[in-house]
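Values below: all heavy atoms of this structure, side chains included; hydrogens, waters and symmetry mates excluded. In listed order, ligands and their atoms are each counted from 1.
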Amino acid sequence: MRTRIIGTGSCLPETVVTNDDLSKIMDTSDEWISSRTGIRERRLVKEETTASMSIKASMRAMENAGVSADEIDLIIVATITGDYVTPSTSCEIQAAIGADRAVAFDINAACSGFMFALHIADAYFKSGIYKTALILGAETLSRIMDWNDRSTCVLFGDGAGAAVVRADETGLLAYDQGSDGARGKVLACRNRKNNNPLVKKPMDMEYTSMDGQEVYKFAVTTVPSSIKRVLDEAGLKVEDIDYFALHQANIRIIQSVAKRLKVSEDKFPTSLDHCGNISAASVPILLDEMNRNGLLKPGMKIVLSGFGGGLTWGSAVLEW
Ligand code: ACO
C-alpha cells in the first residue's frame with residue numbers, strides 16, 4: 001500500500017501586492033527584494049480568511065480528483081495562522097464541504113506542515129484505519145507579520161493549497177522528516193499576550209521575527225541531506241527525478257540546493273516570484289500549479305521538500 005496524490009487545488013487571495021507597492025509604504029525596493037529572494041509580488045488577504053481559501057482549495061482538489069465529500073475519511077490542515085484557536089480550520093472545511101464522516105484536525109509544523117500532514121495520512125493508510133484524505137497547507141501570514149520590519153514582511157504571502165490522497169498501489173515511495181527545537185527561535189512568532197491582570201510582566205513579541213542568515217544556513221544544509229536520504233531509501237538517484245518541488249522560501253535557497261545535489265535548476269519549478277513564501281501552503285500550491293500546467297505525467301518521480309519554523313523539515317519522493 002502506498003499513498004497517492006490523486007487531485008490538487010489551490011486558492012490565492014485576489015489582492016496582488018508588488019514589490020513596488022511595498023516600496024511606497026516602507027524603505028525597500030523591487031531591486032532589493034527580487035535580487036535577494038526572487039519574489040516580485042505576493043497575494044495578501046483583505047476579505048479572505050484561512051478557512052475561506054482552504055474551502056475553495058479543497059473543493060478544487062476534490063473536483064480534480066473526482067472524489068465526493070462523503071468519500072473523505074480524514075482532513076488535516078497544516079497551518080500556523082488558523083482563523084480561530086478553536087475550532088480548527090479543518091473542522092471549518094469539514095462543515096463547509098459536508099464531509100460528515102471525516103475526522104478533522106490541524107497541525108503546526110510551519111513551512112514543513114504539508115509534508116508532515118502527508119506523512120500522517122500515510123501512517124493512517126498503512127495502518128488500514130483510513131483510505132482517503134484531504135490534506136492542506138493554508139496561511140494568512142500577513143496577519144502575523146511585523147509591518148514595521150522590512151526584513152521579514154516583504155518575504156511572505158497568503159494562500160491555501162490542497163491535495164486529495166488515497167491508499168493505492170503506487171505513490172509515496174520514501175519519506176524523511178525531522179525537527180530541531182533547539183534552534184527554534186531563529187524563526188519565531190509568539191502567540192497571544194497573556195492579559196491576566198495577576199501577571200506582572202506581560203509577554204511581548206507578538207509578530208514574526210527571523211534570523212535570516214541562520215535560516216538560510218539551516219535550509220541549504222538540511223534540505224539536500226534530507227532529499228538524499230529519501231532517494232537512498234527509495235533506491236533512486238537524483239537523475240531519476242523529474243521535478244523537485246521545494247518549499248518556496250527564497251530563490252537562493254533553491255539554487256543552492258540544486259547546486260549541492262548537482263541537478264539543473266530547470267528541474268526546480270517555482271511559484272515564489274508571484275506568491276512569495278506562504279509557509280505550509282507553498283508546496284501544495286506549487287504542486288497544484290505544476291499539475292494544472294500539465295507538467296506532471298503518470299509514472300514521473302517527484303521530490304517534495306518542506307523546511308522551516310520549528311525548526312522542522314520533511315521530504316518525500318513519490319511516483320505521480
Ligand atoms: N529592503 C531594503 N533593505 C533591507 C530590507 C528590505 N526589505 N530588509 C533588510 N534590509 C537591509 C538591512 O537593514 C541591512 O541593512 P544594513 O546593512 O544597512 O544594516 C541589509 O539590508 C542586509 O540585511 P540582512 O538581513 O543581512 O540581509 P540578507 O542579505 O541576509 O538577506 C534574507 C535577508 C533575504 C532574508 C536572507 O537572509 C535570506 O535569504 N535568508 C533565508 C531565509 C529565508 O528566506 N527565510 C524566509 C522564511 S523562513 C522559511 O520559509 C524557511
In terms of residue, atom name and distance, what is the protein heavy atom nearest to [atom]?
atom                    : answer
atom 29 (O) of ligand 1 : R36 NE, 3.7 Å
atom 23 (O) of ligand 1 : W32 CZ2, 4.4 Å
atom 39 (O) of ligand 1 : N250 ND2, 2.6 Å
atom 6 (C) of ligand 1  : T28 OG1, 3.3 Å
atom 26 (O) of ligand 1 : Q213 NE2, 3.0 Å
atom 45 (N) of ligand 1 : M210 SD, 3.2 Å
atom 12 (C) of ligand 1 : R150 NH2, 3.8 Å
atom 46 (C) of ligand 1 : N277 ND2, 3.5 Å

Output yes when a protein non-hydrogen atom is found under 4.0 Å of [atom], and no otherwise.
atom                    : answer
atom 14 (C) of ligand 1 : no
atom 42 (C) of ligand 1 : yes
atom 18 (O) of ligand 1 : no
atom 50 (O) of ligand 1 : yes

Requested in this report: Would you please determine whether F156 falls within less than 4.0 Å of ligand 1 on a heavy-atom basis?
Outcome: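 Yes; F156 lies near enough to ligand 1 that a heavy-atom distance drops under 4.0 Å.
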Query raised in the report: Can a non-hydrogen atom of M26 be found less than 4.0 Å from any atom of ligand 1?
Result: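 M26: no contact with ligand 1 (<4.0 Å).
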Query raised in the report: Which ligand 1 atoms are under 4.0 Å away from a heavy-atom of C111?
Result: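 With C111 as reference, the close atoms of ligand 1 come out as 49 (C), 50 (O).
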Query raised in the report: Are there more than 12 heavy atoms of other residues, nucleotides or ligands under 6.0 Å from atom NZ of K131?
Result: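 12 or below, so no.
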**Report entry** Option passing side-chain contact (heavy atoms from CB on, under 4.5 Å) with V77 (candidates D106, N108, L134, I107)
**Finding:**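 Checked D106, N108, L134, I107 against V77; only one passes side-chain contact (heavy atoms from CB on, under 4.5 Å): D106.
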Query raised in the report: Has ligand 1 got any nitrogen or oxygen that is less than 3.5 angstrom from a nitrogen or oxygen of Y216?
Result: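 N/O-N/O distance under 3.5 Å: no.
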